[in-house]
Participant: 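Sharing a structure here in structure tokens format.
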Amino acid sequence: LHITESLEQCIASSGGPMDGTFDTGPLLPGQWDKYFNVDILEVWGVGGEEVIVDAVNAKGKHEGVAEATRRRVQMVDKKQFLEDFQSGLHVGSKLFAHRDGSV
């Protein structure tokens, strides 16, 4: 069972790993993988306001780290990229043929 943050396009899957907590069988009738939207969700938790604040802060920190990592991996060292192409990394490519006058 996967519930998205938007509570839309959630998935109930009968495939994958099983445990002995519940009886085996599909969560929803029909196909193996069934998409659904959540209309009502009842949540039970243990702990007080401090636990909730800590959980929200931990989620924010995780999202911040994930965003920083995403930005870091999107950066491209254009000089290194150009050097890789010029070094013959792409042998047989005519990408830089105009520079040596062979075109």
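Counting begins at 1 with the first residue of the sequence.
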Participant: Verify the neighbour count for atom CD of E49: are there more than 12 heavy atoms of other residues, nucleotides or ligands below 6.0 Å?
Facilitator: no
Participant: Closest heavy-atom contact between T4 and E8?
Facilitator: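 T4 and E8 have their closest heavy atoms at OG1-O, 2.7 Å.
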Participant: Using the rule that two of Ile, Leu, Val, Met, Phe, Trp, Tyr join whenever any of their side-chain heavy atoms come within less than 4.5 Å, decide whether F36 and L41 are in one cluster.
Facilitator: yes
Participant: Which of these, I40, N37, V38, sits in a side chain to side chain contact (heavy atoms under 4.5 Å, CB included) with L7?
Facilitator: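 Of the listed residues I40, N37, V38, the side chain to side chain contact (heavy atoms under 4.5 Å, CB included) partner of L7 is V38.
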Participant: Is it true that atom CD of E50 has more than 12 heavy atoms of other residues, nucleotides or ligands lying nearer than 6.0 Å?
Facilitator: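 Result for CD/E50: open.
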Participant: Which distance, rounded to the nearest 0.5 Å, do you find between the CE of M75 and the CZ of R70?
Facilitator: 11.0 Å
